[in-house]
Amino acid sequence: MRYSRALIPTVKEAPSDAVTASHILLTRAGYVRRIGAGIYSFLPIGFRVLKKIEQIITGEMDRAGAQQVLLPALLPADYFKESGRWDSFGDTMMRLKDRKGGDYHLGPTHEEIICDMARREIKSYRDLPKNLYQVQTKYRDEARPRAGLLRCREFTMKDAYSFDLNDAGALESYETMRAAYTRIFDRTGLTYRMVNADSGAMGGSQSAEFQVLTQSGEDQIVACEKCDYAANVEVASVRAGEPPTLPSDIPARKQVSTPKKKTIEDVSKFLDKEPASFLKSLVVRADGELVMAVVRGDHELSETKLARVLGVSEIGLAEPGAVVKTTGAKLGFSGPVGFSGKVVIDSAVLGIADGVCGANVTDAHLVHVQAERDFEATSADIRNVTEGDVCPECGGQLKLYRGIEAGHIFVLGTHYSDKMGATYLDKEQVKRSMVMGCYGIGVSRLVAATVEQHHDDNGILWPMSIAPYQVHIAQLGEEPQVVEAVAKLEQDLEDAGIEVLIDDRKERPGVKFKDADLIGIPLRVTVGARSLKTGQVELKPRAEPNPKNAELIQLSDAPQLIVERVQKLLKS
RNA sequence: CGGGGCGUAGCGCAGUUUGGUAGCGCGCACGGUUCGGGUCCGUGAGGUCGGAAGUUCAAAUCUUCUCGCCCCGACCA
């Protein structure tokens, strides 16, 4: 492709509403344009990247025995009413009415529709298992679209759905998909982790997320340095230590005055005690009931874990007024001693021998406090894992990362097939529900996630496997020998199946180099009169920051050398 | 949905406090100049100041309403 004929509108300044690196760079480099909140157009090179990712995915899905289908985006309400999600999906669903006033919506995901296909077409155990997938535009009226392509209202998603005879079969399908996903993510050239996900809402079935590791992801995850254990911070389990034996010679608890010292930090300085000896006491509202949760001063409460311990569905910090009313003290002075309601403490609190906590009296704290001796509570794992915690699998050290959820696989069980009547007859003529699995990849989100992970100050650095073009030729000048050399190189490379972008614009070299860096094609070839004097052209990987380190190669060797280099980058 | 902020030329912004003929940079067009990391000089085109109503001799500027967008949070099968 000749740049002069292509539409690649690079700009020096991105719109001010772009904040994240991927949004800024994809806009500046001419990949995407914003149409509305969470709605984007893909320009030619943006679409090429999207297609490349899609091809990797479809290739691996087909290889894993799945078959592609095309489902409607516009859906009559009936199907989601059958599953109950017409109501439960809430405002996140884009709803509309047709001219007759009938209820419709745009598909946010397609379990119901694929389930309908299965129940119509699959009748016998002989027909199973099956795996059907789609790569399509989906719609969610997000409460807050954000970060450019990372959280959109319209987005491209690959969803695969498996149908099996029984749980064992579903698990097998799940494993097949897990392997396929690993190959897909390996091929995209991303640094990622497969993490155990919160399987709370759907019941405790098998589930994993594929998280792309970046500086700025929405999710916090921990990963073990030694083994491949990784999990979301809110659900990662803390390894239970030995039950501590606390010294029995700690003096009786005593109230001390701590005027206006509300935070752990303030009180810690004031009393000269480590935050780790504090009992951080938080009043939460769990399905309406006020409960006190206590974690060690240097730890953080996990609302997800606490909700599970309490067996409630809704949980959040209690409103300030309720805290004052129930504890009898201002915010910052609550504590478990004498608290009227239920108290849940994190297991680590049991290890605090000589603790400090709020006295439930404004401007006062208690010292020499011990759980169990001074107050009654149930103990459980209710805190977030932190950096340096022990890996629950192997005992190694855990490290904190930020991640962008790019893939999610899980076993659904018979939740949808029961509701939708997706059944088959087994050998004994018994009607059984198909056991389903669901496997998603955010294709358009992956475009942005890749840029989040692969960029520098000057622009994008695409992995070879998903770059819009594999080689960028910067043609410097219009001299006949330059034009001729470029044309020859173009021909040879394209004959070898290489995708080439040739910057033949009448622009100064500086402009071409800046744009090349911004666009981020992995290999750049510079053809100019200067090096051509000795029959040479320059070859520089985008990842090499110093232009002086460009490699001078003979024009005659160039095609072969470049093909080799492209192939090498495809493998790594 | 709670909190904060922003809507002025294609993009980035100034002008709003204190009402008085709408400006700068980039980009774009034309002429010249330059030519290996966003050349330099000149000329020019381009704006219902998000929208509606009001106050006023006069509104980008003041008042009321409204729409849109961004950020933090809540939410995210």
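Hydrogens, waters and symmetry mates are skipped; everything else that's a heavy atom, side chains included, is used.
Within the structure, a side-chain polar atom (N or O) of A:Ser16 is placed less than 4.0 Å from OP1 or OP2 of B:C13.
Which of B:C71, B:G37, B:U34 sits closest to the side chain of A:Arg508 comes down to B:U34. Side chain of A:Arg144, nearest nucleotide from B:G73, B:C70, B:G37: B:G73. When distances run from any side-chain atom of A:Lys12 to the nucleotides B:C69, B:A77, B:G38, the shortest one goes to B:G38. You'll find that the side chain of A:His408 is closest to B:A77, out of B:A77, B:C69, B:G36.
How far CG of A:Leu400 is from CD of A:Gln220: 5.5 Å, rounded to the nearest 0.5 Å. If you take CD on A:Glu54 and CD1 on A:Ile57, they are separated by 7.5 Å, rounding to the nearest 0.5 Å.
For A:Trp462 and A:Tyr469, the ring centers sit 6.0 Å or farther from each other. Taking the six-membered ring for Trp, A:Phe210 and A:His408 have ring centres at least 6.0 Å apart.
In this structure, A:Arg505 places its CZ atom 13 Å from P of B:G27, rounding to the nearest Å. Counting to the nearest Å, the C1' atom of B:U34 and the CD atom of A:Glu507 are 13 Å from each other. With rounding to whole Å, A:Asp17 atom CG is found 13 Å from B:G5 atom C1'. Across the protein-nucleic acid pair, A:Glu478 atom CD and B:G36 atom P stand 14 Å apart, rounded to whole Å.
Counting any heavy atom pair closer than 4.0 Å across all strands shown, A:Val19 reaches sugar-phosphate atoms only and no base atom. Residue A:Ala147 is in sugar-phosphate contact alone, with no base atom involved, counting any heavy-atom pair closer than 4.0 Å across all strands shown. Among the atoms of the strands shown, base atoms are found under 4.0 Å from some heavy atom of A:Ser531. As judged by a 4.0 angstrom heavy-atom cut-off over every strand, A:Asp91 is placed among residues making no nucleic acid contact. Using a 4.0 Å heavy-atom distance criterion, A:Arg524 is classed as a base contact.
The P atoms of B:A77 and B:U39 are separated by 49 Å, rounded to the nearest whole Å. B:G54 and B:G73 have their P atoms separated by 42 Å, with the value rounded to a whole Å. With C1' as the reference atom, B:G23 and B:U8 are 10 Å apart, rounded to whole Å. Nucleotides B:C71 and B:A29 place their P atoms 33 Å apart, quoted to the nearest Å. The separation of B:A14 from B:U34, taken at their P atoms, amounts to 38 Å, rounded to a whole angstrom. The same atom, C1', is picked in B:C49 and in B:U61; the two are 10 Å apart, to the nearest Å. Taking the P atoms as reference points, B:C24 lies 16 Å from B:C41, given to the whole Å. As rounded to the nearest Å, B:G42 and B:C26 have P atoms that lie 11 Å from one another.
Heavy-atom distances to RNA chain B give each of A:Leu518 and A:Arg146 a nearest nucleotide, and the one nearer the 5′ end belongs to A:Leu518. Nucleotides of RNA chain B nearest to A:Pro15 and A:Thr109 differ in position, and the one nearer the 5' end is that of A:Pro15.
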Let's go through A:Tyr40 and A:His23 carefully: what are the C-alpha distance in whole Å and the side-chain angles of both, what is the deciding distance for ring pair (Phe, Tyr, Trp, His ring centres under 6.0 Å) to 0.1 Å, and is it a yes or a no? CA-CA 11 Å; A:Tyr40 288 83; A:His23 191 193; 5.5 Å; yes

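For a distance-only test at 3.5 Å, the side chain of A:Glu13 fails to qualify as a donor-acceptor partner of the base of B:G10. Looking at A:Arg34, its side chain has no donor and acceptor atom pair within 3.5 Å of the base of B:C69.
Remark: A:Arg151 engages A:Glu142 in a salt bridge, criterion side-chain N to carboxylate O under 4.0 Å.
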